[in-house]
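What follows is a short report on a single structure.
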Amino acid sequence: MLLSPQIPQKNWLRKAMPDFWKVNTMKTEVIKAEKDGDYGIEKAAELLKKGEVVAIPTETVYGLAANAFDEKAVEKIFIAKGRPSDNPLIVHISELSQWSELVESIPENALALAQAFWPGPLTIILKKSSLIPRRTSGGLDTVGVRMPMHPTARAIIRAAGVPLAAPSANNSGKPSTTTAEHCLHDLDGKIPLIIDSGECSVGVESTVITLVTDVPRVLRPGGISVEMLSEVLGEVEVDDAVLNRLAEGAVAASPGMKYKHYSPSAGVSLVKGSFESFRSFVEAQKEKNILALVFEGEGEKLNVPFIEYGRENDGASQAKRLFSALRSIDETDAKLVYARFPEKDGVGLAVLNRLVRAAAFNIIEL
Ligand code: TXA
Ligand code: MG
């Protein structure tokens with residue numbers, strides 16, 4: 001008598017821990033945007049209007065979206081990802097007219113950036129308006145806004161009727177997701193819906209630039225390169241934290257910079273030098289479970305296991321492959337990964353920024 005029946009026990013759990021119950025027992029539906037047409041967009045909008053979270057495709061990476069004005073909805077993003085609460089979310093719009101109510105004011109240089117690069121992979125940080133809850137801005141008085149280029153993302157924002165707060169749709173600390181399969185891997189059972197639109201075309205997250213500093217400053221490099229930004233703005237700074245470890249006790253301009261990021265389970269080292277020196281180096285390693293992360297066509301020249309991530313000197317192709325390459329490391333038994341060092345210019349800087357973090361700033365110079 002004492003321990004039966006089972007059902008009341010479940011009800012007790014449901015009452016005591018409602019959020020736990022919801023987060024862990026949800027069925028996650030996947031709808032293909034191209035195949036199922038407007039159905040996915042309507043279903044996503046319906047859930048978003050009800051204060052739910054939905055994983056949506058963008059041209060950069062998949063985003064985990066919620067109504068940016070609704071603190072309770074935004075809270076669900078943080079819970080599903082296991083994201084630290086002081087890490088602000090980017091707010092996504094589909095129309096330029098949505099921007100002005102999100103920020104205190106839009107200076108001329110911001111407008112020039114939007115005209116040049118929106119819709120596209122650029123997030124512009126300005127002082128936030130009172131409409132943006134602190135939960136969305138991670139407690140900061142600024143907000144990053146971006147108008148994505150992906151037609152499905154734009155259609156979902158339009159149908160939801162509100163700007164959408166969306167970080168990358170991955171478990172906090174893991175590489176961002178560039179396919180619906182990767183979203184499902186990380187978020188299955190934690191969110192109600194994933195809209196599948198195949199592989200993201202850019203592959204790394206948007207460039208984040210702040211205009212609240214004296215000189216515009218890139219906090220995170222991405223698909224819009226520093227060179228492209230300079231053409232519009234003139235002088236542009238790149239934050240020290242883009243390629244360097246944050247000094248002990250220093251305040252991160254972008255809170256995301258201080259957290260462990262993009263890390264596979266294996267230890268990663270970035271190796272600087274020619275392919276020939278890289279080959280001699282990895283082939284001389286005595287450990288058994290090593291893996292080489294190399295450029296296209298290089299793997300077959302090595303006698304160690306390898307994964308390839310785009311063409312040498314071609315940042316865009318590396319960006320597109322990088323996160324799925326980092327994720328597939330976890331499917332091998334590799335304990336140590338040695339990665340080829342990308343070029344620093346153009347989109348290469350974005351690739352290097354993600355790789356130095358995946359490698360926890362562990363760089364070997366040959
Ligand atoms: O491409 C992208 O930007 C994707 C897609 C979904 O749009 N989103 C994305 O969001 O990458 P998330 O949250 O994973 O990365 C946003 C980064 C974080 O490092 C965060 O700290 C920083 O941007 N960030 C956002 N708002 C900021 C703000 N107001 N001030 C400083 N940094 C900010
Ligand atoms: Mg992220």
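Bear in mind that the values here come from a model prediction, so they are computed numbers and not experimental data. All ligand and atom numbering here is 1-based and tracks the order in the structure.
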Polar atom proximity, [X] to ligand 1 (N or O, under 3.5 Å):
{"X": "K81", "result": "no"}
{"X": "T58", "result": "no"}
{"X": "S206", "result": "yes"}
{"X": "V204", "result": "no"}
{"X": "E205", "result": "no"}
{"X": "N87", "result": "yes"}

How far is [atom] from its nearest protein heavy atom, and which residue and atom is that?
{"atom": "atom 6 (C) of ligand 1", "answer": "G63 CA, 3.5 Å"}
{"atom": "atom 15 (O) of ligand 1", "answer": "R220 NH1, 3.0 Å"}
{"atom": "atom 14 (O) of ligand 1", "answer": "S168 OG, 2.9 Å"}
{"atom": "atom 30 (N) of ligand 1", "answer": "I125 CD1, 3.3 Å"}
{"atom": "atom 8 (N) of ligand 1", "answer": "A166 O, 3.7 Å"}
{"atom": "atom 19 (O) of ligand 1", "answer": "G256 CA, 3.2 Å"}
{"atom": "atom 23 (O) of ligand 1", "answer": "V208 CG2, 3.9 Å"}
{"atom": "atom 24 (N) of ligand 1", "answer": "P88 CG, 3.7 Å"}

### Message
Rounded to the nearest 0.5 Å, what separates atom CG in D333 from atom CD1 in I290?
### Response
11.5 Å
### Task
Report the distance from atom CD1 of I41 to atom CD1 of I31, rounding to the nearest 0.5 Å.
10.0 Å
### Query
Does ligand 1 have an atom that lies less than 4.0 angstrom from a heavy atom of P255?
yes
### Task
Report yes or no: does S137 have a heavy atom closer than 4.0 Å to ligand 1?
no
Would you kindly specify which portion of [X] sits under 4.0 Å from ligand 1, judged on non-hydrogen atoms: side chain, backbone, both or neither?
{"X": "K128", "answer": "neither"}
{"X": "R83", "answer": "side chain"}
{"X": "T60", "answer": "side chain"}

### Query
Looking at K320 and D314, does any basic side-chain N land under 4.0 Å from a carboxylate oxygen?
no
### Residues K32, D196: salt bridge by 4.0 Å N-O rule
yes
### Query
Counting backbone and side-chain atoms alike, does S168 have an N/O/S atom under 2.8 Å from the Mg ion (ligand 2)?
yes
Closer than 3.5 angstrom, by distance alone: can the side chain of [X] be matched with the main-chain N or O of [Y] as a donor-acceptor pair?
{"X": "R217", "Y": "E237", "result": "no"}
{"X": "T28", "Y": "I191", "result": "yes"}
{"X": "E59", "Y": "H150", "result": "yes"}
{"X": "S317", "Y": "R311", "result": "yes"}
{"X": "R340", "Y": "G273", "result": "yes"}
{"X": "T207", "Y": "I224", "result": "yes"}

Would you mind running through ligand 1 and noting each atom that sits below 4.0 Å from a heavy atom of [X]?
{"X": "T142", "value": "28 (C), 29 (N), 30 (N)"}
{"X": "H92", "value": "5 (C), 6 (C), 7 (O)"}
{"X": "A253", "value": "31 (C)"}
{"X": "V61", "value": "4 (C)"}

### Query
With a 4.5 Å heavy-atom cut-off, do L229 and L122 have their side chains touching?
yes
### Query
Does the side chain of N362 pick up a donor-acceptor pair with the side chain of S269 at under 3.5 Å?
yes
### Between T123 and R220: side-chain donor-acceptor atoms closer than 3.5 Å
no
### Task
Report the relative orientation of the aromatic rings in Y262 and F323; use parallel for angles under 30°, tilted for 30 to 60°, perpendicular for over 60°.
parallel
